[in-house]
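Numbered from 1 within each chain, the chains take letters A, B, ... in sequence-line order.
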Number of protein chains: 2
Amino acid sequence: MTLKSDTRGKILDAASRLFQKQGYHATGLNEIIKVSGAPKGSLYYHFPAGKEELALEAIKLVSKIIQQNIETGLSKIEDPAQSIQSFIKELASHIQCDHFSVSLLALETSCISETLREACDQAFESWIATYANKLIQGGFDKEKAQTLARVIQLMVEGALTISTAKKETTTLFIVAEQIPILLKQ
Amino acid sequence: MTLKSDTRGKILDAASRLFQKQGYHATGLNEIIKVSGAPKGSLYYHFPAGKEELALEAIKLVSKIIQQNIETGLSKIEDPAQSIQSFIKELASHIQCDHFSVSLLALETSCISETLREACDQAFESWIATYANKLIQGGFDKEKAQTLARVIQLMVEGALTISTAKKETTTLFIVAEQIPILLKQ
DNA sequence: GTCTATAAAGTGATAGAC
DNA sequence: GTCTATCACTTTATAGAC
C-alpha cells in the first residue's frame, strides 16, 4: 500500500491539505499538481473520474487519520472527561499555524455531490463513534454516550470555525473547559 | 433605504442567499444576476468593486438580520436558559428546508480576503454579544456570560454544519437540550 | 506511467451603446 | 440606470506523443 509508486500518495496528500484549508471550489487541479510535484498527466491516470474522485479519496484519508488521532489521543488517560479535555487542548495547541477542518468541505459539497457529502458525514460519524466508545468504556450509558459524543464533536467543529474566522486558537480551549461540566450530567 | 430603486436590494438578497447556501467560490456573478432578475450591467453599477464588495455587503446584511432574529427570539421569554433553549428549537424547525450558515463563508474567505474574514468574525461576535446580553440581564456574571454565549454560538454553528452534512435537522435539538445543563454552572 | 498541448466551458471584469 | 458584447483568464478534462 505504501510502495505503489508514491505518486498517487503525493497527489492525495497535497489534495487533502489544500481541500481542507481552502475548500473544494477554491483549489484547482493545477494547484494540487503544482504543490504535489506530480505531473498533471498522472492525476487522471490515478484518479480517472477527476476532481470528485480525488476529493472523495482525500476525505476518506483525513477521516481515517483524524479518527486514529482521536483514538490514540484518548487512550493516554483512562478517565473519559479528563482524556477528552486533554485531547482537545492538545488539538488547540497543535492547530496554531494552519486551520484545517472538514466542516468547509461538508458545507461546500452538500449542494453539489451526494457522494462527497456522505463521505463528510461518515467522517463526522466515525469521530463521534470514537468519542462515544471512550465514554461507554468509562461507564456511560450507551445512548447518553452517543449524544454527548455528538455534542463534543459539534463543539470542536464549531470552535474550529470560529477560530478560523478570528485567526486565533483560544476558542478550542474554551470548549475544553466545558467538557467536565458537560460530562457531569 | 428601501426606496432606492430596489435593484440593488434584489441583487443583495439573491447574493446573500446563494453565498450562504453554496459558498463564495461556488456562486458565480452570472448566477446571482439570473436569480435576482437584475441586469448584469447594474451589478457593477451598484457594486463597483465587484464580487468581493457584493459579498461584504451580503455578509453585513445577514449579520444584521440574524442578530435581530436572535434578539427578538430571546425577548419572548425572560429566563435566559429557557429563552435560549426555545430560540434554538425554533431555529431548528425553521431550518428544515434549506441549510444556511455563515460558517461556510467564514471558512472559505479566511484564506482569500481579510475584509470578508473580518466581516464574518464580526457577525459571529455580534451574535455572541446578543446572547451574552441576555445572560447578563438574567443575572450572570459578565465574564461568565461572555464565555457561555461564545459556547452557545459555537454549538449552534457546529450543529448547523453537522446537520447539513447529514441532511437532517435534529442536531440543533440536541444542542437545545444541553443549554440548561450548560447554564447551570 | 509520464508529460504536453489543447479543447470546451465557465469565471470576473470592462467598455460603450442606449 | 440598464443592457450587451467581449476581454482575459482559469477551470476541468481529454487526446496523443513519448
Taking the side chain of B/Lys51 as heavy atoms from C-beta outward, which of D/dT2, C/dA13, C/dT2 is closest to it? C/dA13
Given atom CD1 of B/Ile33 and atom P of D/dT2, what is their separation to the nearest angstrom? 11 Å
Using the side-chain heavy atoms of B/Asn30, tell me which of these nucleotides is nearest: C/dT11, C/dT2, C/dG12. C/dT11
Here the distance between atom P of D/dT11 and atom OH of A/Tyr24, to the nearest Å, is 13 Å
Spacing between A/Leu43 atom CG and C/dT4 atom P, to the nearest angstrom: 15 Å
So which nucleotide from D/dG1, D/dT12, C/dT14 ends up closest to the side chain of B/Tyr44? C/dT14
Under 4.0 Å between a side-chain nitrogen and a carboxylate oxygen: does that hold for A/Arg117 and A/Glu114? yes
Euclidean distance, atom NZ of residue B/Lys34 to atom P of D/dT4 [Å, nearest integer]: 15 Å
Rounding to a whole Å, what distance do you find between B/Gln22:CD and C/dT11:C1'? 15 Å
Between B/Glu57 and B/Lys60, is there a donor-acceptor pair closer than 3.5 Å when you use the side chain of the first and the backbone of the second? no
Can any side-chain N or O of B/Ser42 pair as donor or acceptor with the backbone N or O of B/Tyr45 at less than 3.5 Å? no
Using the side-chain heavy atoms of A/Tyr45, tell me which of these nucleotides is nearest: D/dT2, C/dT11, C/dG1. C/dG1
Taking the minimum atom-to-atom distance to the side chain of A/Leu29, which one of D/dA13, D/dT2, C/dT2 wins? D/dA13
Whether the side chain of A/Trp127 engages the backbone of A/Ala149 through a donor-acceptor N/O pair (distance < 3.5 Å, no angle test) should be reported. no
Most 5' of A/Glu31 and A/Pro48 on DNA chain D, judged by nearest nucleotide: A/Glu31
Separation of B/Glu52 atom CD from C/dA13 atom C1', in whole Å? 14 Å
Check this one for me: any side-chain N or O of A/Thr7 less than 4.0 Å away from OP1 or OP2 of C/dT2? yes
When you measure from the side chain of A/Glu108 to the backbone of A/Tyr24, do you find a donor-acceptor pair of N or O atoms at a distance under 3.5 Å? yes
Compare side-chain N and O positions of A/His25 against OP1 and OP2 of C/dT11 and report whether any pair is under 4.0 Å apart. no
Between C/dT11 atom C1' and B/Ile112 atom CD1, what is the distance in whole Å? 14 Å
